Amino acid sequence: MKRKLPNITSKLLPVADVFLLLMIWQTASSAGVIPGFLLPSPLEVSAAFAEDFPLLMDNARVTLLEAFIGLAAGILIGFVTAVLMDCFEWLYRAVYPLIVLTQTVPTVAIAPLLVLWFGYEMLPKVILIVIVTFFPITVSLLDGFRASDKDTISLLRSMGASKAQIFRYVKFPGALGAFFASLRISVSYAVVGAVISEWLGGFSGLGVYMTRVKKAFSFDKMFAVIFLISAISLILMWGVNVLQKVSMPWEEEDR
Amino acid sequence: MAELKVSGITFAYEETPVLKDVNVELHEHELVSILGASGCGKTTLFHIISGLHKPRQGKVMLNGKDITGCPGQISYMMQKDLLLPYRTIQDNVSLPLVLKGESKRKAREKVSLYFEEFGLEGTQKKYPRQLSGGMRQRAALLRTYMFSRDVALLDEPFSALDTLTKSEMHRWYLDVMDKIHLSTLFITHDIDEAILLSDRIYLLTGKPGRVTEEIIIKEPKPRKREFNLTEEFLGYKRRILERL
């Protein structure tokens with residue numbers, strides 16, 4: 001009984017936080033403490049959001065599509081790389097430092113190059129998203145595979161299990177928790193990655209919309225799109241949580 | 001006819017000798033204990049018999065067939081229950097069948113016949129962490145049994161349990177063994193447990209470990225709970241303590 005109360009509070013607390021912050025912000029704007037041309041009030045932002053709603057949704061569709069394709073490719077590549085590196089020690093030694101290296105290159109620096117090489121369409125965006133998302137997936141899966149219990153593997157070997165069976169019944173399910181943790185990170189990286197690559201060249205998408213409203217000094221619209229991007233990321237992370245609960249039913253507390 | 005014959009096993013981890021010329025035999029429906037202090041190479045011996053390690057010298061024969069260094073022939077239950085936390089008890093227990101290529105549904109059907117006998121009814125759809133230590137051990141034993149009906153190696157299966165649960169498990173185990181007739185090779189460092197459960201006891205001592213004594217427990221089976229309070233029991237215990 002004692003445990004239930006803090007649980008509810010802990011869920012409501014962040015909501016209350018955000019609400020309080022918005023209240024303070026609105027009051028400050030209404031009272032004229034913050035000049036409207038520097039920071040629009042939350043109400044102005046909502047109005048801008050409502051006004052541009054169809055346009056925002058059109059652009060969001062493009063961004064989401066890029067993010068999904070990039071994320072799917074990133075997961076696939078990350079998975080294959082992790083499996084191969086787990087199978088072959090020499091590959092791990094050869095490739096791992098290289099993978100770390102790809103993460104030290106600033107995204108903003110390579111995005112324009114990708115645009116130069118692959119044009120203004122979807123391809124350079126997807127490639128950038130793959131670069132930012134496959135890393136957390138690869139590393140966490142690899143760690144998950146390597147952390148699998150040696151005794152359990154011995155037990156399965158004593159039952160005559162093949163390498164593939166050991167992977168399927170021990171290593172893969174054992175790495176699922178780590179995989180979902182990294183997927184939560186990768187999902188938000190994917191959205192942010194899509195927006196960044198759209199800034200630097202493209203015809204549609206939330207990033208393109210953002211550059212346009214910035215050039216027009218429409219700060220209210222700028223904030224509207226920022227909130228939209230945050231909301232999209234949050235919803236996607238929540239989706240990952242749901243997916244994790246469904247695919248890992250043994251983690252449920254049901255004693 | 002000897003079912004399992006282990007002869008002249010010598011093994012070393014790099015330069016450290018672990019086992020020297022170990023000979024062990026297990027006949028049909030027998031329960032034989034290997035008793036020895038920690039670190040005398042008991043688990044290593046089981047790894048060799050199960051085929052996980054290859055011995056430097058010696059042979060493991062099962063029903064006349066040389067299985068030295070070939071895993072997948074003998075059931076092996078390790079010290080920890082090693083139930084997979086993400087599989088339900090029925091799927092854990094049916095794992096050996098699934099690994100042999102049986103379909104999930106058929107394997108579940110086959111194992112379901114044994115849940116009652118092993119005192120596991122009602123746990124089919126539960127996950128291992130929802131079970132007590134004793135129940136997990138039963139499930140692990142059923143899984144071992146599902147792998148092969150011939151010979152099972154049990155490495156201190158009850159050592160992680162508290163004393164009360166342990167003696168309850170002993171009674172349960174003798175009861176189950178009476179019904180399923182498994183030939184078992186059993187590792188333990190608990191002298192009472194060895195005398196209570198075994199037909200024969202091998203004492204494994206020294207570094208490198210070798211079999212120094214074979215003790216036959218003549219008490220007929222099924223054994224009564226009071227056996228460990230009798231004069232005979234104490235006689236066996238005294239004899240073992242002298243040799244260890």
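Keep in mind that this is a model prediction, so the values were computed, not measured.
- No more than 12 heavy-atom neighbours from other residues, nucleotides or ligands sit within 6.0 angstrom of CZ on A:Arg168.
- Within 6.0 Å of the NZ atom in B:Lys20, the count of heavy atoms belonging to other residues, nucleotides or ligands does not exceed 12.
- Interface remark: of the candidates B:Gln79, B:Lys100, B:Met78, B:Lys126, B:Met78 forms the most heavy-atom pairs closer than 4.5 Å to chain A.
- More than 12 heavy atoms of other residues, nucleotides or ligands lie within 6.0 Å of NZ in A:Lys150, so this atom counts as buried by the packing criterion.
- Side-chain contact check for B:Gln73 versus A:Met159: every heavy-atom pair is 4.5 Å or farther apart.
- Both the backbone and the side chain of B:Tyr76 come within less than 4.5 Å of a heavy atom in chain A.
- When B:Pro128, B:Gly51, B:Pro71 are compared by the number of non-hydrogen pairs under 4.5 Å with chain A, B:Pro71 comes out ahead.
- Judged by distance alone, the side chain of B:Arg129 and the main-chain N or O of A:Trp250 form a donor-acceptor pair under 3.5 Å.
- Taking a 6.0 Å sphere around CZ of B:Phe186, one finds it holds more than 12 heavy atoms contributed by other residues, nucleotides or ligands.
- With B:Lys80 as reference, A:Asp149 is the one residue of A:Asp149, A:Leu155, A:Thr152 to meet the side-chain contact (heavy atoms from CB on, under 4.5 Å) rule.
- For CZ of A:Phe79, the number of neighbouring non-hydrogen atoms (other residues, nucleotides, ligands) closer than 6.0 Å is greater than 12.
- Among B:Leu82, B:Leu84, B:Ile74, the residue with the largest count of heavy-atom pairs under 4.5 Å with chain A is B:Leu82.
- When all heavy atoms of B:Leu52 and A:Ser158 are compared, the closest pair comes out as CD2-N, 3.7 Å.
- Within a 6.0 Å radius of CD in A:Glu89, other residues, nucleotides and ligands contribute more than 12 heavy atoms.
- By the 6.0 Å contact criterion, CZ on A:Phe68 is open, its count of non-hydrogen atoms from other residues, nucleotides or ligands being 12 or less.
- A donor-acceptor contact shorter than 3.5 Å links the side chain of B:Tyr86 to the backbone of A:Tyr169.
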